[in-house]
**Q** 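My structure is below; once you've seen it, I'll send some questions.
Nothing fancy with the numbering, it's 1 onward along the sequence.
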Amino acid sequence: QADKAVKEQEPKAEAEKGNVEKAQTQLAEAEKELKEKAAELEKIKKQRSELEEEIKKLEQQNTNTVLSFLDKEAKKEKGKTLQEWIDIIKKSELGKYLEGTKEQDFMKLIDESLTEKNFLESMELIRKSNDYRANPQAFPLKGTEKKKQLPDVDIVRVSASLTIASIVSNALSSHILNLGGNPGHHLLKNEEVSKNLFDTTSAYGENLAWGNFQDNNPFNGWFIEEREDYVTEKPGGQTGHYTNLMNKNFDITGISITN
């Protein structure tokens, strides 16, 4: 009976042995497949890294192209190049914000403005500004007018030297904000620096804005909202950006965008 019991168990043992061997084979195949997929993943990661590096090179080429164009046109206008502005700032009181590694962070903001995407968007903003200047009546008012809105004025032309100045001013204000300082019109308020931008007879102004804008359009604040404050004479209302935008004495401009 004992021999019979052993013989009855032999097929079961053989079956279990077979199952173990089958499981081991499946495990080995799974491990092999896993290694192959891991190798493929590493290959994809490498390709992605190479692609990202290539994109960075192309973006830098575009940035250099935009800067080269602006510098060339600024010289024709007898204005300052980007590097000349940076050198002027370094020699002024504002130079403290570019000391050591701070300059690298500042230059990153400069590069952001010079990307093809941001540069083209800045040109689009100039087109929009001219829409508001040339035909303000096309944008309906909401409040009751206590005084008339400012009349339409001539469109402004794009100035390469002012575009470069805008890029520098924008980057400087954003840079100081990132450092925990008070953002503002640092370029224009520093006489040592601003004297390099205008002669004493020039009328000038600057609008700055930070944050996210409705429809990616800062003029919703500068024109639409502030015009309401202006015509309704809202107590404590802000109107400086609006009056800058509609100033008849302004005939050239430059706009820039950082991220």
Side-chain angles (χ1 to χ4, degrees), residues 63 66-67 69-115 118-119 121-123 125-126 129 156-211 213 218-219 221-222 226 238-245 247 249-259:
T63 294
V66 172
L67 177 57
F69 167 76
L70 289 175
D71 277 345
K72 181 179 178 180
E73 293 302 310
K75 288 179 180 178
K76 290 181 182 179
E77 299 172 2
K78 302 187 183 305
K80 303 295 183 185
T81 65
L82 176 64
Q83 188 56 54
E84 287 172 337
W85 270 116
I86 293 172
D87 292 340
I88 290 169
I89 290 173
K90 284 183 176 179
K91 293 175 183 177
S92 74
E93 179 189 357
L94 297 172
K96 62 185 178 182
Y97 295 111
L98 303 186
E99 293 174 350
T101 57
K102 294 177 184 176
E103 183 176 358
Q104 296 176 3
D105 296 330
F106 171 71
M107 291 307 300
K108 286 179 182 177
L109 294 169
I110 293 284
D111 286 344
E112 283 181 10
S113 292
L114 291 168
T115 62
N118 281 345
F119 181 70
E121 284 187 11
S122 68
M123 294 301 101
L125 287 179
I126 291 177
S129 75
V156 289
R157 295 177 290 105
V158 180
S159 161
S161 55
L162 283 188
T163 298
I164 292 175
S166 171
I167 289 170
V168 173
S169 181
N170 191 345
L172 184 63
S173 294
S174 298
H175 179 54
I176 292 173
L177 176 64
N178 291 339
L179 291 174
N182 179 32
H185 304 274
H186 296 281
L187 195 72
L188 292 188
K189 287 187 175 180
N190 187 292
E191 292 184 5
E192 187 180 357
V193 175
S194 63
K195 69 181 181 182
N196 295 278
L197 183 56
F198 302 105
D199 60 43
T200 56
T201 63
S202 295
Y204 60 86
E206 180 182 45
N207 287 355
L208 290 171
W210 291 269
F213 312 111
F219 293 109
W222 290 343
E226 291 194 19
Q238 186 175 15
T239 60
H241 300 100
Y242 167 64
T243 54
N244 268 349
L245 178 61
N247 192 319
N249 295 315
F250 297 165
D251 55 7
I252 58 175
T253 192
I255 296 180
S256 62
I257 299 172
T258 60
N259 298 330

**Q** Look at the side chain of Asn190 and the backbone N and O of Leu187, then say whether any donor-acceptor pair between them is shorter than 3.5 Å.
**A**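 Not confirmed, Asn190 side chain does not pair with Leu187 backbone.
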**Q** Give every residue pair that meets the ring-ring contact (aromatic ring centres under 6.0 Å, His included) criterion with at least one member in residues 74-104, sequence neighbours excluded.
**A**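 Applying ring-ring contact (aromatic ring centres under 6.0 Å, His included) to every pair that reaches into residues 74-104, excluding sequence neighbours, yields nothing.
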**Q** Under 3.5 Å, side chain of Ser161 to main-chain N/O of Lys80, donor-acceptor pair present?
**A**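 Looks like no, no N/O pair under 3.5 Å.
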**Q** With side chain to side chain contact (heavy atoms under 4.5 Å, CB included) as the test, would you mind laying out the steps for Ile257 and Leu125 before giving the verdict?
**A** CA-CA 10 Å; Ile257 299 172; Leu125 287 179; 3.9 Å; yes
**Q** Under 4.5 Å between any side-chain heavy atoms of Leu70 and Leu114, yes or no?
**A**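 SC-SC contact between Leu70 and Leu114 confirmed.
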**Q** From Phe69 CZ over to Phe119 CZ, what is the distance, rounded to the nearest 0.5 angstrom?
**A**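 Result: 6.0 Å between the selected atoms.
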**Q** Do any N or O atoms from the side chain of Asp71 and from the backbone of Leu82 form a donor-acceptor pair under 3.5 angstrom?
**A**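 Pair found, side chain donor or acceptor close to backbone of Leu82.
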**Q** Let me confirm one number: the CG-OG distance from Leu162 to Ser169, rounded to the nearest 0.5 Å.
**A**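 Nearest 0.5 Å value for the CG-OG distance: 11.0 Å.
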**Q** Does any pair with a residue in residues 178-187 pass side chain to side chain donor-acceptor pair (under 3.5 Å), and if so which ones, sequence neighbours excluded?
**A**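 Sorted result for residues 178-187: His185-Glu206.
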**Q** Sort and list the pairs that fulfil salt bridge (Lys or Arg N to Asp or Glu O under 4.0 Å) and have at least one residue in residues 83-96, not counting sequence neighbours.
**A**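 Residue pairs passing salt bridge (Lys or Arg N to Asp or Glu O under 4.0 Å), neighbours aside: Lys90-Glu103.
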**Q** Please round to the nearest 0.5 Å and tell me the distance separating atom OG of Ser256 and atom CD of Glu121.
**A**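 Rounded to the nearest 0.5 Å, the OG-CD separation comes out at 12.0 Å.
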**Q** Measuring from atom CD1 of Ile86 to atom CD1 of Ile110, what distance do you get when rounded to the nearest 0.5 angstrom?
**A**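 Atom-to-atom, Ile86:CD1 and Ile110:CD1 are 5.5 Å apart.
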**Q** With a 4.5 Å heavy-atom cut-off, do Gln104 and Met107 have their side chains touching?
**A**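 Sidechains of Met107 and Gln104: no contact.
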**Q** If every non-hydrogen atom of Pro218 is compared with every non-hydrogen atom of Ala209, which pair is closest and at what distance?
**A**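 Residues Pro218 and Ala209, closest heavy atoms: CB-CB, 4.4 Å.
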**Q** Would you give the length of the straight line joining atom CG of Asn196 to atom OG of Ser92, rounded to the nearest 0.5 angstrom?
**A**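 Answer rounded to 0.5 Å: 9.5 Å.
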**Q** Using a 4.5 Å cut-off on heavy atoms from C-beta on, say whether the side chain of Ser129 contacts that of Leu245.
**A**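 Leu245 reaches Ser129 side chain to side chain.
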**Q** For residues 182-193, which residue pairs qualify under salt bridge (Lys or Arg N to Asp or Glu O under 4.0 Å), counting only residues two or more places apart or in two chains?
**A**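 Every pair satisfying salt bridge (Lys or Arg N to Asp or Glu O under 4.0 Å) with a residue in residues 182-193: there are none.
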**Q** For residues Ser113 and Thr258, determine if any side-chain heavy atom of one lies less than 4.5 Å from a side-chain heavy atom of the other.
**A**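 Yes, at least one pair of side-chain atoms sits under 4.5 Å.
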**Q** Evaluate the side-chain proximity of Trp210 to Pro183: yes if any heavy-atom separation is below 4.5 Å, no if none is.
**A**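 Yes, at least one pair of side-chain atoms sits under 4.5 Å.
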**Q** Checking side chain to side chain contact (heavy atoms under 4.5 Å, CB included) for the pair Ser122/Thr163: CA distance, chi angles, key distance, verdict?
**A** CA-CA 9 Å; Ser122 68; Thr163 298; 5.7 Å; no
**Q** Taking all non-hydrogen atoms of both residues into account, name the closest pair between Phe250 and Asn244 and its distance.
**A**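 For Phe250 and Asn244, the tightest heavy-atom pair comes out as CD1-O, 3.3 Å.
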**Q** Any pair with a residue in residues 104-114 that passes salt bridge (Lys or Arg N to Asp or Glu O under 4.0 Å), sequence neighbours left out, goes on the list, sorted by first then second residue, please.
**A**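 Residue pairs passing salt bridge (Lys or Arg N to Asp or Glu O under 4.0 Å), neighbours aside: none found.
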**Q** Taking the side chain as every heavy atom from C-beta outward, state whether Lys102 and Leu179 have any atom pair closer than 4.5 Å.
**A**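 Yes. Closest side-chain heavy atoms under 4.5 Å.
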**Q** Restricting to non-hydrogen atoms, name the atom on Leu208 and the atom on Gly184 that form the minimum distance, rounded to 0.1 Å.
**A**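 Closest approach of Leu208 to Gly184: CD1-O, 3.4 Å.
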**Q** Can you find a pair of side-chain heavy atoms, one from Val158 and one from Ile252, that are under 4.5 Å apart?
**A**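 Val158 does not reach Ile252 side chain to side chain.
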**Q** Distance only, no hydrogens: is a donor on one side chain within 3.5 Å (strictly under) of an acceptor on the other, for Thr239 and Glu226?
**A**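 Result is no, nothing qualifies.
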**Q** Taking the side chain as everything from C-beta on, heavy atoms only, tell me whether Asn207 gets closer than 4.5 Å to Ile255.
**A**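 The answer is no, as the side chains (C-beta and beyond) never meet within the 4.5 Å cut-off.
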**Q** Can a donor-acceptor pair be found, under 3.5 Å and without considering hydrogens, that links the side chain of Ser173 to the backbone of Asn170?
**A**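 No; judged by distance alone, with no hydrogens or angles, the pair does not exist.
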**Q** Under the ring-ring contact (aromatic ring centres under 6.0 Å, His included) rule, what pairs show up with a residue in residues 156-176, not counting sequence neighbours?
**A**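 Listed once each, the pairs are Phe106-His175.
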